[in-house]
Number of protein chains: 2
Amino acid sequence: MKVRVLVRLKPGILDVQGAAVKRALAGLGFDEVTDLRVGKVIEVELPTGSLAEARQRVGEMCRQLLANPILEDYTLEMADDLAPREAVR
Amino acid sequence: MKVRVLVRLKPGILDVQGAAVKRALAGLGFDEVTDLRVGKVIEVELPTGSLAEARQRVGEMCRQLLANPILEDYTLEMADDLAPREAVR
């Protein structure tokens, strides 16, 4: 079972990397970008089991290691969510 | 309109950061993790417009700057996909 963890800076925290990328995009002509934030995606593969248990374990991983609770928020997306209706590759 | 870009190493490429995180998790007792990959999530905010146009522009940003086509794959998820059915915060 795959669990996707998205780790992003909390809204109030200055995202220096995002600002640099936004500026670089503007330099390439993509000046319509009004905001851009960069975060991490961590895809965790677990043995098959219950969704609730996987969510609980991965939440614990986030609290202990994957996210810095002072600066970052995290979001979990379970396997069922990972086939978005219109995603393109 | 928000577009989410997921940038991940291509499947054949060794993910050193992911291996380090997996090992650290095992050291904390999370030894059930069978695989773990780390990538980037980039959230791009664009003025309201057509989905097709936004997808085309952000795809162009990926090809020119956001992803390294030699090592990385990217996936776009449009605003409509960004409310997954069971995501938790």
Side-chain angles (χ1 to χ4, degrees), chain A residues 1-8 15 17-18 21-22 24-25 27-30 32-49 51-66 73-89, chain B residues 1-8 15 17-18 21-22 24-25 27-30 32-49 51-66 73-89:
Chain A
M1 180 189 327
K2 195 174 263 189
V3 183
R4 184 198 277 175
V5 181
L6 296 170
V7 179
R8 288 169 282 206
D15 178 2
Q17 190 184 359
V21 172
K22 179 171 180 284
L25 283 173
L28 289 170
F30 298 105
E32 75 266 41
V33 175
T34 54
D35 192 32
L36 188 149
R37 312 258 311 161
V38 178
K40 277 178 293 186
V41 55
I42 303 164
E43 284 173 338
V44 182
E45 185 76 41
L46 296 171
T48 318
L51 274 183
E53 192 189 338
R55 171 170 294 159
Q56 189 267 324
R57 287 291 280 173
V58 177
E60 198 53 46
M61 293 176 203
C62 290
R63 287 184 287 277
Q64 287 192 34
L65 184 79
L66 302 180
D73 281 332
Y74 64 89
T75 311
L76 305 188
E77 292 175 7
M78 312 305 289
D80 282 357
D81 306 323
L82 295 186
R85 282 139 276 168
E86 278 212 83
V88 292
R89 179 145 216 153
Chain B
M1 181 189 325
K2 194 175 266 189
V3 183
R4 183 197 279 177
V5 182
L6 297 170
V7 179
R8 287 169 283 205
D15 178 1
Q17 191 183 358
V21 172
K22 178 171 179 286
L25 284 173
L28 290 169
F30 298 105
E32 75 266 40
V33 175
T34 53
D35 192 33
L36 188 149
R37 313 261 306 163
V38 178
K40 277 178 293 186
V41 54
I42 303 163
E43 284 174 338
V44 183
E45 185 76 42
L46 295 171
T48 318
L51 274 183
E53 192 189 338
R55 173 169 295 160
Q56 189 268 324
R57 287 290 281 173
V58 177
E60 199 51 48
M61 292 175 203
C62 290
R63 287 183 287 277
Q64 288 193 33
L65 185 77
L66 303 179
D73 281 332
Y74 63 90
T75 311
L76 304 187
E77 292 175 7
M78 312 304 289
D80 282 356
D81 305 321
L82 294 185
R85 281 139 278 168
E86 277 213 84
V88 293
R89 180 144 213 152

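A note on names: the letters A, B, ... follow the listed sequences, proteins ahead of strands, and every chain is numbered from 1. When reading the values below, keep in mind they use all heavy atoms of this one structure, side chains included, and skip hydrogens, waters and symmetry mates.
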Requested in this report: State whether A/Glu60 and A/Arg63 are salt-bridged, where the test is any N-O pair (Lys NZ or Arg NE/NH1/NH2 against Asp/Glu carboxylate O) under 4.0 Å.
Outcome: yes
Report task. For chain A, find which of B/Gly49, B/Gly39, B/Pro47, B/Cys62 contributes the most heavy-atom pairs closer than 4.5 angstrom. Result -> B/Gly39
Requested in this report: Report the distance from atom CD of A/Glu77 to atom CZ of A/Arg55, rounding to the nearest 0.5 Å.
Outcome: 10.0 Å
Query raised in the report: Hey, which of B/Leu6, B/Val38, B/Thr34, B/Val21 has the most heavy atom pairs under 4.5 Å with chain A?
Result: B/Thr34
Query raised in the report: Looking at A/Leu36, A/Leu25, A/Val5, A/Val41, which has the largest count of heavy-atom pairs under 4.5 Å with chain B?
Result: A/Val41
Requested in this report: Give a yes or no on whether A/Glu53 atom CD has more than 12 heavy-atom contacts from other residues, nucleotides or ligands under 6.0 Å away.
Outcome: no
Report summary line: Rounded to the nearest 0.5 angstrom, the CG-CE distance for B/Leu28 and A/Met61 is 10.0 Å
Query raised in the report: Pick from B/Glu32, B/Lys40, B/Gln64: which one has the most heavy-atom pairs with chain A under 4.5 Å?
Result: B/Glu32
